[in-house]
Number of protein chains: 2
Amino acid sequence: MIDDVHLDGDGPLQHQLYQQLTQRIIHRRYLPGNRLPSSRQLAQDLGVSRNTVTAVYDQLKAEGFLQSRAGQGVFVHENISPSMLQPGKGSTLRPLSTSGLLPPIPQLTDRHINRAEDASLPFQPGLPDLEAFPIRSWNRILHHHESRRALRGYDSTQGYRPLRRAIAEYLRSSRGVRCQEQQVIITNGAQQALSLIVDVLLEPGDPVFCENPGYRGARYALASRDNPITPVPLREQVLDVDALNALGPAKLLFCTPTHQYPMGGILDISQRMALLHWAQRNQTWVIEDDYDSEFHFHKKPFAAIQGMYEDAPVLYVGSFSKTLMPALRVGYLVVPEPLVEHFVQSKRTHGGESPLLTQATIAEFIETGQFTRHLRRMRQLYRGKWLHFQARVAEELGGLVTPVAESAGMHLVLEGNFDDQELSRWLRTQGIGSTPLSAHFTGDAASTGLVMGFASASEREIEQCVSLLKQWLTSSMISG
Amino acid sequence: MIDDVHLDGDGPLQHQLYQQLTQRIIHRRYLPGNRLPSSRQLAQDLGVSRNTVTAVYDQLKAEGFLQSRAGQGVFVHENISPSMLQPGKGSTLRPLSTSGLLPPIPQLTDRHINRAEDASLPFQPGLPDLEAFPIRSWNRILHHHESRRALRGYDSTQGYRPLRRAIAEYLRSSRGVRCQEQQVIITNGAQQALSLIVDVLLEPGDPVFCENPGYRGARYALASRDNPITPVPLREQVLDVDALNALGPAKLLFCTPTHQYPMGGILDISQRMALLHWAQRNQTWVIEDDYDSEFHFHKKPFAAIQGMYEDAPVLYVGSFSKTLMPALRVGYLVVPEPLVEHFVQSKRTHGGESPLLTQATIAEFIETGQFTRHLRRMRQLYRGKWLHFQARVAEELGGLVTPVAESAGMHLVLEGNFDDQELSRWLRTQGIGSTPLSAHFTGDAASTGLVMGFASASEREIEQCVSLLKQWLTSSMISG
């Protein structure tokens, strides 16, 4: 009966023989009660050692595929009973299929979300200068911790305590955030922070406000439970705080007060005060995404709105993706103390803890002052790139694009009246990243342009990018 | 007007002065139009350098707190307008408060979930032998990758491709899983895998089946959207497959077919076939949590049910927490190809990517064969501990507890008629981890006992644990 067994596939002979015999029994080509050749005979027929066959037979007996009967040989087990499977249908079994079980294609699929290979192109928004990362000092710290037994096991769901302490200290002194280490929750990047906020604070139907244009990752997370999302327009590159009163109640408002993403504006002090008092009156939680305040070039950045008032209804979100490396996938969330246990519970349920070695390395990098020094160096570096990129844009692209130039951050928006999706796609074929400005709008885009992340670009790449832009824009003018 | 400013707190003087002035303006102790002393005067009054005051004044002007009027001095900015804040209420502002915004205490809070400090006690279920981890070979691999620029940026949301390839190859050859690398999704431990499954496949109200007793982490994740959970009883330490037909439809069934958690039974081949055909008939996805199949002591483990049939409705979940280190927080999920994009989309929305350096290190550890060798060594080590623990339990605790002894895994269940919550708590005060068996039941516990994770215990700790158990159990017999 085993004439059709051939051991000529991949992997060890024993594994192949096991696979072939089990598949024949599962698919009922060998039926319960059928007799198998002796191990000696099968070994001879297949040209393998008898030990191989014996090991497989033993495994199959232990698993209930086969049974020995004293003096009679080895049989397919009688108990593999078809009656258990499909009553009344004897030995026929339909093949399995998952086709009826598939959910509809997810609605959030967004052609603007970049593929992995695009994420490391120069000018890709959000990408820091990876060459400038102080990898040798970083690795020295990594080596301090890499063999510690205490960093091999389980740890607090909330996050490694020395890291929470270092972040709290940094946020208090550099960003004016009011927090203690017990309010800090380590997250898997800012994206998980937003997902946890949705899980903890949103009930079905609760309305959510987002800046428009705004950060798409936030919109996806905040819309993930089908809550209604109201886009809040900007005025002069910042959230239009006066417009909020007319928009009704909201449970959450997502905003980037210290460097609006992507337009770059900064809420002034009156707007900040008005925003918080609006939130308080309306029982709204403000999500403050402080994604790149470390890179303001001409003055210290505005302190976080989280710290303006004692007990403000603000959830503060930050990340090390831009200040250290995206590959770390570590962010943080600061919440009022009565909410901490809610967030820890949510993180415990959904996963999202960071490797302890990664957390310990970041903690020491901050504690030893290297983080602040690194930020200072990067601020200088990015300022130089920003000046250079702006100068080249002014010289070469005057009349073709309008730079929206706040003196901060890692990206510049070049507004202009062109098909930004098409230009962004074409640039990608030339090895240059960007996102189309129109993709940051909910509904109809009020303007078009490119979001260009200059932080990751070298001087040569800046030159190259500007001349590619000039080439495309002039030829599209002529043809258009 | 600034008599109440005193720079004697923490941090740089400039930071303190900034904080004190902004707080006074925000809280309207200094009102719009009020004049401030000149920088020279204030520096003298406070006993600080004039540069300090000038820098703060400049910052506050840039942020809109202050304004200069030519020849007249520095004033609180007129535009910080109370009318924006609370129309008709002049300059009074209520203090902010988050008390009205707090959600109710989360319902899932579970006193049985251990705190961080308990998670590394010997005998804590799920904890591997951290001393036996080959940290030097591991660090050699870490050093291969630690300086690679390609591991600093963004990467595929689905997971680092060489790691997905290595996992697919391992699962095909060692676990009989049918998969290609494009079906593997790297997750933040098994917990995130379960959370993604809920996000992708469950609609509100969809029923979910879970083994009872079973793995609590799974129950929390699967119940996180308030779907109804039906506990499925065990029969002879395994999921009672025959009982499924009477329980109605389910969208998801969570099970541990190759080593039931915590009872340790193994589904035989007939039960496996029946389970999958039941799932197919009922349009149910089976979640196969293959959490410790690497540690079967007397024979090779049963191949995964995922691989039994082409196109079976199975979602396969695994993790490196037990096979490598919990601190890595890396797991994996294998799904049918038409579902991959759904899962990637969900992971993109909710976060949960692992650091690239961690992923690359695991990949090389597998590719170079060190993972398989490590598993072989651990299997030997755990087998020795298992034999020793069982022998000591039989010698010392006969009549007091009944070991539920499957020859596999990293834990042993000691059943017995005692208050398992109380014993588990007491053991913890003695430095010994465990979980009470009753905590693994939904609703009323059918039996009591202790789940003891012997993998992390040394020989001395095994001795110590057995004598502590004897002490407590004999004294509770006498007093009871």
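The structure presented is a predicted model; accordingly, all values stated were derived computationally and were not measured. Computed from heavy atoms alone, side chains included, the values below leave out hydrogens, waters and symmetry copies. Chain letters run A, B, ... following the sequence lines, proteins first and then strands; every chain starts at 1.
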Min side-chain heavy-atom separation I80(A)-M273(B) under 4.5 Å: yes

OG-CG distance between S120(B) and D155(A), expressed to the nearest 0.5 angstrom: 8.5 Å

Toward chain A, the part of H350(B) with a non-hydrogen atom under 4.5 Å: both

Sequence-distant partners of R149(B), salt bridge (Lys or Arg N to Asp or Glu O under 4.0 Å), two or more places apart: E131(A)

Under 4.5 Å from any heavy atom of chain B - which part of S147(A): both

Residues forming a salt bridge (Lys or Arg N to Asp or Glu O under 4.0 Å) with R329(A), sequence neighbours excluded: E353(B)

Region of S354(B) that comes under 4.5 Å of a non-hydrogen atom in chain A: backbone

R348(A) and Q191(B), any side-chain heavy atoms less than 4.5 Å apart: no

Heavy-atom check, side chain of Y309(A) versus side chain of H27(B), under 4.5 Å: yes

Minimum side-chain heavy-atom gap N139(B)-H143(A) below 4.5 Å: no

Side chain / backbone / both / neither for P336(A) at chain B, heavy atoms under 4.5 Å: side chain

Interface moiety of R272(B) toward chain A, non-hydrogen atoms closer than 4.5 Å: neither

Side chain / backbone / both / neither for R225(A) at chain B, heavy atoms under 4.5 Å: side chain

